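Working notes, beginning with the structure itself.
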Amino acid sequence: MVEFKSDRYTIDSLLGEGNFGSVYKALDKKTDSYVAIKIEKSQKISQISMEVEILRQITGEKGFPKLIDFGKNNDKPYVVMTLLGQNLQKKFLTIRKIISVETVLDIGIQCFKRIKTLHDYYYIHRDLKPQQFLIDDDFNVFLIDFGLCKKYMNSKLMIHVPYNDSRPFVGTANYASLNTHLGIQQSRRDDLESFCYIISYLLYGKLPWIPNDKTKYDEKSIRKMKTTIAPSNLFASASLVQFFIYVKSLAFEKNPDYQYLFDLISQALFEVKSSSLSIFIIDGSTNSKSSIKKRERKSRKKTISNKFKRSNLCRSLDNIQITINNSSQTQVCDNLPEFKDRRIFKNNILRAAESPVVQKRLNCYVM
Ligand SMILES: Nc1ncnc2c1ncn2[C@@H]1O[C@H](COP(=O)(O)OP(=O)(O)OP(=O)(O)O)[C@@H](O)[C@H]1O
């Protein structure tokens with residue numbers, strides 16, 4: 001555990017660790033409430049100063065942590081902010097990728113709004129990934145980690161930062177825009193491209209460069225794949241394809257039409273809702289067509305119990321004895337490529353699993 005001498009804060013537990021800092025849950029004795037403290041790993045000029053600068057300005061905006069305190073401890077800079085929930089990546093893996101498309105898009109809309117708010121303050125994030133979005137018990141999404149943020153425009157003179165194509169790589173390869181890989185100065189369009197990769201990852205449970213088999217690609221290979229990727233490889237929904245095409249067509253300085261983009265995601269959500277399909281990923285590691293067919297030969301009941309054997313959801317579903325009858329056959333949905341790796345349950349199961357009453361008894365989330 002980190003050494004943090006303070007009369008005000010008592011470190012409780014480690015919440016997360018990144019490349020630049022460690023984040024701890026701590027008790028704030030002044031307010032008798034728990035907070036999150038991010039402590040920089042290095043003692044040199046830190047990213048925490050940028051984090052503090054942004055939190056100072058953005059505190060109070062919906063979906064952003066509140067700045068509580070900052071300073072140095074043991075010569076290491078730290079920042080104290082509101083304690084939030086688990087990050088999207090952890091949550092996604094904890095629930096074994098069980099997630100409804102509707103909920104992904106719902107979360108996506110919130111992520112999109114957070115990005116727009118940050119852009120409204122003339123900053124770009126430059127390191128968007130599922131780990132940077134935290135989600136609370138009420139499914140409110142928060143954006144964090146502003147250490148790599150950068151002003152894209154001088155807010156007084158309204159002059160955009162100049163174009164430059166020999167920038168070092170900044171961000172996370174899996175979710176970075178292609179232009180970032182190519183060394184092009186980032187602007188608003190790059191955050192929005194990262195957003196597309198995040199949503200595609202949450203929808204499919206994978207990206208071409210983040211396969212289910214745990215293969216890891218280096219930055220060069222990821223760049224190559226991003227160069228040739230077709231929008232239809234990321235999304236099947238026409239609205240989301242259009243979203244990606246629009247973002248990729250943005251000029252460096254162009255102010256994105258956020259309302260248009262918002263309408264496109266809303267349209268995608270509307271399509272899912274009106275199709276009345278409810279979709280779960282059961283286990284991303286076993287979703288090849290042949291394995292699905294093999295599984296389908298087994299009896300319906302056995303398949304369900306096998307698939308959910310180790311999951312909280314299943315255990316709890318078993319406990320509360322939801323009847324799984326023939327009218328809710330598991331099936332592979334072939335007609336919607338978006339869902340080709342997913343298995344579909346009829347609404348009655350999904351609705352049961354998503355109902356707050358059941359979730360309370362499950363003591364787990366269904367995202
Ligand atoms: N306010 C908070 N409340 C709860 N958990 C948090 C909070 N801030 C950060 N965390 C947890 O700590 C993790 C790391 O935080 P953060 O991304 O700020 O660190 P970092 O060192 O900048 O990471 P990276 O290397 O990804 O840039 C987050 O993914 C999250 O799980």
Side-chain angles (χ1 to χ4, degrees), residues 1-2 4 9-28 31 33-56 58-70 73 76-95 107 110-111 114-115 118 123-150 168-176 180 186 190-191 194-195 197-198 201-202 210 216 219 365 367:
M1 191 65 72
V2 68
F4 192 85
Y9 306 105
T10 311
I11 300 286
D12 177 280
S13 53
L14 181 70
L15 289 168
E17 212 157 12
N19 290 324
F20 306 102
S22 304
V23 184
Y24 297 89
K25 179 179 171 184
L27 179 67
D28 182 351
T31 57
S33 58
Y34 282 101
V35 293
I37 303 187
K38 182 169 177 177
I39 305 169
E40 188 97 40
K41 280 182 180 162
S42 115
Q43 297 176 0
K44 292 187 212 137
I45 297 284
S46 69
Q47 295 196 348
I48 293 238
S49 50
M50 175 54 87
E51 186 119 23
V52 170
E53 189 184 324
I54 297 200
L55 284 176
R56 250 187 181 153
I58 223 160
T59 278
E61 287 285 357
K62 189 174 166 47
F64 290 83
K66 287 196 174 68
L67 176 67
I68 295 171
D69 192 9
F70 62 95
N73 198 291
K76 289 185 184 162
Y78 71 86
V79 57
V80 185
M81 62 191 120
T82 25
L83 178 68
L84 303 165
Q86 233 178 15
N87 75 51
L88 264 182
Q89 173 76 13
K90 263 195 207 156
K91 179 84 87 186
F92 190 56
L93 296 176
T94 312
I95 56 165
I107 287 170
Q110 291 195 58
C111 297
R114 305 300 168 256
I115 297 168
L118 186 65
Y123 286 102
I124 46 171
H125 191 282
R126 300 201 300 168
D127 192 20
L128 291 174
K129 52 187 171 184
Q131 292 92 324
Q132 315 288 38
F133 292 99
L134 306 190
I135 190 158
D136 71 10
D137 291 346
D138 299 322
F139 282 79
N140 296 309
V141 175
F142 294 79
L143 178 58
I144 58 155
D145 195 3
F146 308 103
L148 290 176
C149 282
K150 191 183 160 120
F169 182 88
V170 170
T172 302
N174 279 337
Y175 299 96
T180 303
Q186 295 189 47
D190 300 280
D191 275 354
S194 298
F195 168 79
Y197 298 137
I198 294 168
Y201 172 73
L202 294 177
I210 314 178
K216 283 211 166 155
E219 190 268 321
Y365 295 100
M367 283 178 55

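In this text, all values refer to a predicted model and were calculated from it rather than measured experimentally. In listed order, ligands and their atoms are each counted from 1.
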So, does Ser194 use its side chain to make a donor-acceptor pair with the main chain of Tyr175 at under 3.5 Å? yes
Could you tell me if any non-hydrogen atom of Leu148 lies under 4.0 Å from any atom of ligand 1? no
Donor-acceptor pair, side chain of Thr59 and main chain of Leu55, under 3.5 angstrom: yes
Closest approach of any protein heavy atom to atom 23 (O) of ligand 1, naming residue and atom: Gly18 CA, 3.2 Å
Give yes or no for whether the N/O distance cutoff of 3.5 Å, strictly under, is met between Lys38 and ligand 1. yes
For Leu118 and His125: C-alpha separation, side-chain torsions, deciding distance, then whether side-chain contact (heavy atoms from CB on, under 4.5 Å) applies. CA-CA 8 Å; Leu118 186 65; His125 191 282; 3.7 Å; yes
Between the main-chain N or O of Glu17 and the side-chain N or O of Ser22, is there a donor-acceptor pair closer than 3.5 Å? no
If you count the atoms of ligand 1 from 1 in the order shown, which ones are under 4.0 Å from a heavy atom of Gln132? 17 (O)
Per-atom filter on ligand 1: closer than 4.0 angstrom to a heavy atom of Asp127 are 27 (O)
The answer for which part of Leu134 has a heavy atom under 4.0 Å from ligand 1 is side chain
Measure the distance from atom 13 (C) of ligand 1 to every protein heavy atom, then report the residue, atom name and distance (to 0.1 Å) of the closest one. Gly16 CA, 3.8 Å
For ligand 1, which atoms sit closer than 4.0 Å to a heavy atom of Leu15? 4 (C), 5 (N)
Please report which non-hydrogen protein atom sits nearest to atom 10 (N) of ligand 1, along with the residue it belongs to and the distance in Å to one decimal place. Val23 CG1, 3.7 Å
Any side-chain to backbone donor/acceptor pair from Lys41 onto Gly18? Under 3.5 Å, distance only. yes
Should Gln86 be listed as contacting ligand 1, given a heavy-atom distance under 4.0 Å as the test? no
Specify the protein heavy atom at minimum distance from atom 25 (O) of ligand 1: its residue, its atom name, and the distance to 0.1 Å. Asn19 N, 2.6 Å
Flag Phe20 as yes when one of its N or O atoms lies below 3.5 Å from any N or O atom of ligand 1, and as no otherwise. yes
Starting from atom 17 (O) of ligand 1, locate the nearest protein heavy atom and write down its residue, its atom name and how far away it is, to 0.1 Å. Asp145 OD2, 3.0 Å
Main-chain N/O of Phe142 paired with Arg114 side-chain donor or acceptor, under 3.5 Å: no
Going by distance alone, is a donor N or O of one side chain under 3.5 Å from an acceptor N or O of the other, for Gln132 and Asp145? yes
Strictly by modelled atom types, are Ser13 and Lys25 linked by a side-chain donor-acceptor pair under 3.5 Å? no
Quick one: does ligand 1 sit under 4.0 Å from the side chain of Ala36, the backbone, both or neither, non-hydrogen atoms only? side chain
Just let me know how Lys25 lines up against ligand 1, side chain, backbone, both or neither, with a heavy-atom cut-off below 4.0 Å. neither
Is the closest N or O pair between Glu17 and ligand 1 shorter than 3.5 Å? no
For atom 26 (O) of ligand 1, what is the closest protein heavy atom, and at what distance to 0.1 Å? Lys129 NZ, 2.9 Å
Going by distance alone, is a donor N or O of one side chain under 3.5 Å from an acceptor N or O of the other, for Ser33 and Asp28? no
Asn87 (side chain) donor-acceptor with Lys90 (main chain) under 3.5 angstrom: yes
Polar contacts were defined as any N/O atom of the residue lying under 3.5 Å from an N/O atom of the ligand; does this apply to Leu84 and ligand 1? yes
Examine Gly21 against ligand 1 and note whether any of their N/O atoms are separated by less than 3.5 Å. yes
Under 4.0 Å to a heavy atom of Met81 - the qualifying atoms of ligand 1, by number: 1 (N)
Student check: side-chain heavy atoms of Ile37 and Phe4 closer than 4.5 Å: yes
Among all protein non-hydrogen atoms, which one is nearest to atom 31 (O) of ligand 1, and what is the separation to 0.1 Å? Asn87 ND2, 3.1 Å
Atom 1 (N) of ligand 1: the protein heavy-atom neighbour that sits closest, reported with distance to 0.1 Å: Thr82 O, 3.0 Å
Do Ile115 and Leu128 have side chains that approach each other closer than 4.5 Å (heavy atoms only, starting at C-beta)? yes
Sidechain-backbone polar pair: Glu40 side chain, Lys76 backbone, donor-acceptor under 3.5 Å: no
